[in-house]
Chemist: 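Structure below; questions to follow.
One-based numbering, in listed order, for ligands and for the atoms of each.
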Amino acid sequence: MKELIRKYLQEASRFEATGPDELEAYRIKYLGKKGIIPELFSRFRNLDPSEKKETGKLINELKELVSNRVREQKEKLETTHSQSSAIDLSLPGEPYQLGSRHPVSIVKNEMIGILQRMGFTIAEGPDIEDDWHNFTALNFPLEHPARDMQDTFFIEKNPDILLRTHTSGVQVRVMEQNEPPIRIIAPGRVFRNEAISARAHCIFHQIEGLYIDRDVSWADLRQALLYFSKEMFGKDTQIRLRPSFFPFTEPSAELDISCMICGGKGCPVCKYSGWVEILGCGMVDPNVLASCHIDPKMYSGYAFGMGIERTALNIYQIHDLRLFFENDIRFLNQFKSAI
Ligand code: PHE
């Protein structure tokens with residue numbers, strides 16, 4: 001009988017309940033009215049007195065072990081149960097507000113995508129620029145009134161340092177460091193000391209384009225801009241170039257496209273003219289090439305620069321530029337893709 005009890009002791013101590021039913025079965029098996037332990041006690045009564053001491057001890061040991069095990073396993077099951085019920089996997093997910101791209105980024109990415117497919121690679125320059133790259137190398141003579149075209153934020157302690165007024169400084173940085181052929185675009189933030197209004201802001205974004213090689217001509221510029229405009233604004237888009245002036249291009253022009261809203265018939269976006277101004281451009285001035293150690297007798301090139309906000313205003317028919325900078329989620333959520 002002692003052997004049998006020892007076997008039960010081993011068996012009972014190894015028990016691990018995986019669920020409440022299994023635990024209850026275990027309890028009944030040992031402690032139930034017709035269970036192993038009451039059965040052992042009844043057999044105990046008929047034992048030879050010399051056997052009683054040791055056998056009684058073993059039965060009590062078994063009873064204690066099983067009672068403790070039932071208590072322990074019950075606690076364990078309760079805690080794992082309450083943990084798993086805290087996470088209800090069938091509940092729907094937390095509502096999660098998805099953001100959307102900023103309209104300026106949408107338009108910018110669209111422009112970059114088209115220009116990259118045309119063979120332009122992205123170049124970058126610093127927002128805080130020096131006078132040489134923003135003005136002097138771009139053929140703005142010192143004290144020349146052309147510097148007033150763009151109201152500049154200068155750094156007070158050092159007037160040689162300023163916030164770039166256009167991305168054209170990147171042209172200089174790239175030409176200084178690379179041999180032609182050069183074909184880059186430079187998207188970036190620019191700054192002008194202007195009163196903030198519905199049509200102007202002190203911060204906005206531009207994309208600059210520059211192509212330098214042998215025999216680059218005005219026809220190349222015109223064709224590149226026509227291709228870009230059709231890709232960006234639709235295949236029926238027409239362009240026109242109006243003579244203009246920039247110190248760093250000669251000749252210079254401004255590019256208009258047929259209005260992307262009315263197709264040229266006249267509407268409030270094009271102020272009933274049928275045309276919308278998109279960018280400034282021209283053939284890179286030989287003085288600029290020379291400033292950047294590129295021989296103007298050997299190489300020529302074209303450059304263009306366009307405002308991203310202004311284009312986004314036209315595409316989305318937004319009437320106030322300030323909305324782009326106010327970060328009102330109700331405004332920003334409305335833009336999914338350009339045209
Ligand atoms: N930098 C000019 C501007 O900010 C645009 C431009 C770029 C014009 C390149 C010609 C060539 O208005």
Chemist: Would you check whether Arg192 reaches within less than 4.0 Å of ligand 1, judged by its heavy atoms?
Modeler: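 Yes.
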
Chemist: Can you tell me if Met306 contacts ligand 1 (heavy atom of the residue under 4.0 Å from the ligand)?
Modeler: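 Under 4.0 Å: no for Met306.
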
Chemist: Heavy atoms, side chains only, cut-off 4.5 Å: are His201 and Glu309 in contact?
Modeler: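 Contact flag for His201/Glu309 side chains = no.
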
Chemist: With ring centroids as reference points, do Phe153 and Phe191 lie under 6.0 angstrom apart?
Modeler: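 For Phe153 and Phe191, the ring centres are not under 6.0 Å apart.
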
Chemist: Do Ser168 and ligand 1 have an N or O pair less than 3.5 Å apart?
Modeler: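 The answer is yes, given that Ser168 and ligand 1 share an N or O pair closer than 3.5 Å.
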
Chemist: Short list, please: which atoms of ligand 1 are under 4.0 Å from a heavy atom of Cys281?
Modeler: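 Answer for ligand 1: 8 (C), 10 (C), 11 (C).
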
Chemist: Taking the side chain as C-beta and beyond, is there a heavy-atom pair between Arg310 and Phe204 under 4.5 Å?
Modeler: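 No. Closest side-chain heavy atoms not under 4.5 Å.
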
Chemist: Between Glu72 and Arg69, does any NZ, NE, NH1 or NH2 come within less than 4.0 Å of an OD or OE carboxylate oxygen?
Modeler: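 The answer is yes: the pair qualifies as a salt bridge.
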
Chemist: Could you tell me whether Lys63 sits above the aromatic face of Tyr30, with NZ or CZ closer than 6.0 angstrom to the six-membered ring centre and within 45 degrees of the axis?
Modeler: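 Geometry flag: not set, cation outside 6.0 Å or 45°.
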
Chemist: Between Phe248 and ligand 1, find which residue part has any heavy-atom pair under 4.0 Å and reply side chain, backbone, both or neither.
Modeler: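 Within the 4.0 Å criterion, Phe248 contacts ligand 1 through side-chain atoms alone.
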
Chemist: So if I count the atoms of ligand 1 from 1 in the order they appear, which ones are less than 4.0 Å from some heavy atom of Gln206?
Modeler: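 Listed by number with element: 3 (C), 4 (O).
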
Chemist: Does an N or O anywhere in His166 fall below 3.5 Å from an N or O of ligand 1?
Modeler: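 N/O-N/O distance below 3.5 Å exists for this pair.
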
Chemist: Walk me through whether Asn139 and Ser291 qualify under side-chain hydrogen bond (donor to acceptor under 3.5 Å, both in side chains).
Modeler: CA-CA 8 Å; Asn139 205 31; Ser291 295; over 6 Å; no

